[in-house]
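Inspection log for the structure reproduced underneath, given as structure tokens.
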Number of protein chains: 2
Amino acid sequence: MATDAPSTPVARQISLRTVIQALLDEGPISRAQIAKITGLSKQTISEVVRELEDDGWLRERGRTQGVLGRSAVTYEINNRAAFVLGMDLGGTKLRMAVADLAGAVLAEEEVPTDLRGGLHVVEQIAALARRLAARAGVPAAGLRFGVMGTPGVVDPESGAIHVAPNIPGVDRIDVAGALRERLGITIAIENDVNLAVKGEQWQGHGAGAGTFAFIALGTGIGMGIVADGKLLRGARGAAGEIAYLPIGGDPYDPRGFMLGTLETAVGSKGIADRYRDYGGTAGTTVREIFTALEAGDAIAAVTIDETARLIAPALIAVQALIDPEVIVLGGSIGVRTELFERIRHHLARCGHVPPRLAISRIGNRAALIGAIGAALTDLHNSLFGLDVKPGDLSLPTVGGADGDP
Amino acid sequence: MATDAPSTPVARQISLRTVIQALLDEGPISRAQIAKITGLSKQTISEVVRELEDDGWLRERGRTQGVLGRSAVTYEINNRAAFVLGMDLGGTKLRMAVADLAGAVLAEEEVPTDLRGGLHVVEQIAALARRLAARAGVPAAGLRFGVMGTPGVVDPESGAIHVAPNIPGVDRIDVAGALRERLGITIAIENDVNLAVKGEQWQGHGAGAGTFAFIALGTGIGMGIVADGKLLRGARGAAGEIAYLPIGGDPYDPRGFMLGTLETAVGSKGIADRYRDYGGTAGTTVREIFTALEAGDAIAAVTIDETARLIAPALIAVQALIDPEVIVLGGSIGVRTELFERIRHHLARCGHVPPRLAISRIGNRAALIGAIGAALTDLHNSLFGLDVKPGDLSLPTVGGADGDP
DNA sequence: CTATCTTTGTAAAGCTCCCTGACGAATGCA
DNA sequence: TGCATTCGTCAGGGAGCTTTACAAAGATAG
């Protein structure tokens with residue numbers, strides 16, 4: 001429960017945090033303005049700002065002018081005080097970006113994933129990271145944190161990748177540890193859909209929403225949920241496993257057990273199967289079906305419409321259980337406007353108030369942006385976070401119940 | 001964002017909180033033990049304990065003995081330092097209890113709700129509260145907080161009851177304000193299902209679970225979700241509206257629009273309709289159908305089995321989206337073991353790993369217990385809470401995205 | 001029964017961090 | 001040029017925590 005750290009630094013730490021937060025929120029401002037915003041005294045602000053400036057986190061920006069009274073020196077966050085690495089490791093592509101403390105991307109690259117897998121991938125990641133850091137002009141000790149997204153199940157504590165579809169061998173080695181060793185920085189690994197959600201929360205349609213959902217429609221179907229600003233993981237990290245929603249087919253049909261009832265119906269394989277069942281001949285991939293749809297293929301149109309008709313209830317289910325402010329659709333299939341409009345149409349037929357829908361604005365970079373955001377959050381918290389994080393007081397233990405954790 | 005309160009008291013406030021928390025967690029302990037647990041110095045602990053004892057929150061309990069060294073005075077929370085009121089206002093019954101600071105119920109009573117509604121109900125509540133306080137021997141200024149659960153939609157900020165089924169007129173008056181006036185304490189009003197969830201979290205099957213769901217099956221069907229220890233409300237406070245889950249019927253069938261597809265199928269009316277459709281003659285209420293089932297009525301058995309067959313996929317949906325540690329069933333229908341066993345059976349047929357299920361342990365007192373818990377949490381936080389509640393630092397605004405709130 | 005060891009709790013001194021009030025410095029306006 | 005206004009620093013003081021020292025109280029060994 002309680003911390004055993006001495007509580008001396010806690011007051012100053014709160015002040016540091018408060019000042020940083022004010023600068024993040026309000027942009028370049030003077031010390032006097034910070035004092036007004038934070039309620040701390042001018043004296044204290046001067047001390048804190050000097051401390052932060054000495055350590056390189058802040059820098060002078062300019063001076064105020066035009067207003068009555070003496071002009072003031074304004075300060076801003078020193079964007080180049082630290083850098084982070086965002087990564088998105090997919091089965092076919094490896095995306096990576098170096099960003100500064102303000103989240104601005106300084107260098108970004110996308111390369112095909114080394115299909116030999118295992119340590120080859122690790123080496124590829126490390127080499128790319130070094131190349132990007134050099135290109136962005138990041139000094140040797142400048143990189144502080146990295147976050148990598150990857151499909152499959154990731155242990156949130158250790159970062160071990162338990163199931164890694166499409167990338168051979170990475171579930172047998174400690175990727176995070178190997179990268180930490182090669183790059184000299186802490187690397188956290190996170191599920192890519194979860195990071196995409198964080199990306200949407202930061203720079204996409206989820207910005208400003210306390211609660212929203214992001215659904216990735218592609219080969220498979222996955223969902224990430226942000227509730228009250230925080231990622232919802234569930235008891236076993238399996239929250240958002242929308243593929244297993246008993247919608248779009250008979251939940252008691254064993255054919256849906258493997259991939260999940262919903263994914264069997266509306267995953268890319270389900271769509272292709274449906275197109276073929278209906279007698280379509282234009283191709284076997286979803287991309288080809290969409291191309292046929294554009295060319296006026298009636299069977300493709302029916303296929304996509306039927307897919308939308310099956311997806312709409314799934315969105316109703318999400319709305320009923322989570323009540324998100326908006327549901328953002330992403331993934332290679334989810335961003336197609338043809339499908340989107342058909343889903344909209346069917347949603348309106350379900351009665352009640354349909355959920356607000358949006359197509360991902362940041363598209364296939366969502367996980368990368370989320371990785372950068374996650375790394376920045378980690379960085380901020382490690383620099384200016386509090387050791388003491390007081391939550392609600394736990395209720396006393398009563399009767400036969402177990403105590404709160 | 002930042003506070004404008006002076007930060008002087010924050011250090012002592014953290015210390016006060018830490019000591020209280022240690023006493024809540026570890027029961028009666030000596031000052032020296034508190035010092036060890038919290039990491040604060042013995043000196044500071046002595047000061048803090050003296051302060052708390054002077055204000056009546058702590059009291060001496062006894063002395064340690066039998067161990068090496070000087071014996072120590074042990075302290076404990078003074079249970080009788082403050083009292084709270086828990087209330088559960090239903091369409092037919094009004095339940096109320098007075099509890100002490102440790103959550104022990106000192107007086108409890110259940111009366112029929114005054115069916116005249118409106119101010120009559122307010123007067124009834126106030127009178128019952130005074131009677132219970134007197135019976136529990138609570139001094140005049142002893143009651144500090146009250147929380148009341150009620151069905152329908154409650155504005156989380158103002159406590160205004162927007163929709164109050166079965167109780168005429170309470171949606172047109174400021175119940176919380178009227179009670180505050182009559183009882184002289186702060187009264188918060190909360191949705192009863194949400195409170196039932198809190199009750200399960202505190203003293204029921206949710207104890208110790210970070211994420212779980214509570215489903216109330218009765219006249220209607222409702223759900224409350226606790227995610228990472230916190231109640232999930234959703235963007236419009238409509239999270240957990242499981243009645244609208246598009247399961248158990250055709251989601252495009254307008255007959256399900258009013259009550260919701262799932263509730264139309266498995267609400268008490270849906271069950272009764274099904275029994276009649278199958279040719280059942282034993283009665284028209286669910287209670288009568290269950291009685292017939294016990295008497296060996298085959299049609300009742302089929303009705304209940306079919307109901308369970310429809311409910312199981314809804315639970316699968318909850319598991320897929322939320323991944324709860326356990327799903328607790330409550331409400332007059334949800335606690336019936338006959339139904340529970342049938343649901344279990346059908347869940348096992350859905351493939352995948354079925355969610356862990358449990359029947360509510362605290363039954364129809366769940367909302368009342370949750371109200372007591374909520375009132376205690378409010379009380380603790382008002383007494384020993386921090387003004388500053390630092391969350392994660394917000395990410396900087398980048399590109400065209402809006403800033404974080 | 002006494003000496004010793006351990007633990008508890010208090011006292012005094014010092015440090016960190018914050019605030020207040022005063023004051024010089026800088027700036028716009030009349 | 002003088003004045004009002006705002007910025008930023010200096011000096012003084014208070015709150016709260018820690019450390020060191022020490023007295024008090026109890027257990028144990030001989």
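Just so it is clear: chains get the letters A, B, ... in the order the sequence lines come, proteins before strands, and each one is counted from 1.
- B:Tyr75 has its OH atom 13 Å from the P atom of C:dT8, to the nearest Å.
- Which of D:dG8, C:dT10, C:dC19 sits closest to the side chain of A:Lys42 comes down to D:dG8.
- In this structure, B:Ile14 atom CD1 and C:dC17 atom C1' are separated by 13 Å, rounded to whole Å.
- The two residues B:Ala22 and B:Ile29 come nearest to each other via the heavy atoms O-CD1, 4.1 Å.
- In terms of position on DNA chain D, the residue among A:Leu68 and A:Ser46 whose nearest nucleotide sits closer to the 5' end is A:Leu68.
- Ranking D:dC7, D:dT9, D:dT28 by closeness to the A:Ser30 side chain, first place goes to D:dC7.
- Residue-to-nucleotide proximity on DNA chain C shows that, of A:Val48 and A:Val67, the 5′-proximal contact is made by A:Val48.
- In the set D:dC7, C:dT8, D:dT5, the nucleotide with an atom closest to the side chain of A:Arg70 is D:dC7.
- Remark: P of C:dG9 and CD of B:Glu53 are 12 Å apart, rounded to the nearest angstrom.
- Remark: C1' of D:dC17 and CD of B:Glu51 are 14 Å apart, rounded to the nearest angstrom.
- Atom P of nucleotide C:dT8 and atom CG of B:Leu40 are separated by 16 Å, given to the nearest angstrom.
- Closest to the side chain of A:Arg31, from the set C:dT27, D:dC17, D:dG8, is D:dG8.
- Look at A:Glu51 and A:Arg12 and you find a salt bridge, because one of the NZ, NE, NH1 or NH2 atoms lies within 4.0 Å of a carboxylate O, short of that distance.
- Of the two residues contacting DNA chain C, namely A:Gln65 and A:Ser41, the nearest-nucleotide position lying further toward the 5' end is that of A:Ser41.
- None of B:Leu231, B:Thr377, B:Ile369 except one satisfies the side-chain contact (heavy atoms from CB on, under 4.5 Å) rule with B:Lys198; the exception is B:Thr377.
- Between A:Thr64 and D:dC7, a side-chain N or O to OP1/OP2 separation shorter than 4.0 Å is absent.
- Here C:dT16 presents its C1' atom at 10 Å from CD of A:Glu47, a figure rounded to the nearest Å.
- Whole-Å rounding puts the B:Ile34 CD1 to C:dT7 C1' distance at 16 Å.
- In terms of modelled atom types and a separation under 3.5 Å, the side chain of A:Gln201 and the main chain of A:Gly229 share a donor-acceptor contact.
- Closest to the B:Ala72 side chain, of the nucleotides C:dT8, D:dC7, C:dC29, is C:dT8.
- The B:Ser15 side chain lies nearest to D:dC17 when the options are C:dT8, D:dC17, C:dT10.
- Environment of CZ in A:Arg182: crowded, with over 12 heavy atoms of neighbouring residues, nucleotides or ligands closer than 6.0 Å.
- At the heavy-atom level, B:Gln43 lies under 4.0 Å from base atoms of the strands shown.
- To the nearest angstrom, P of C:dT8 lies 7 Å from CD of B:Gln33.
- Considering only side-chain atoms of B:Arg63, the nucleotide from C:dT8, D:dG26, D:dT9 that sits closest is D:dG26.
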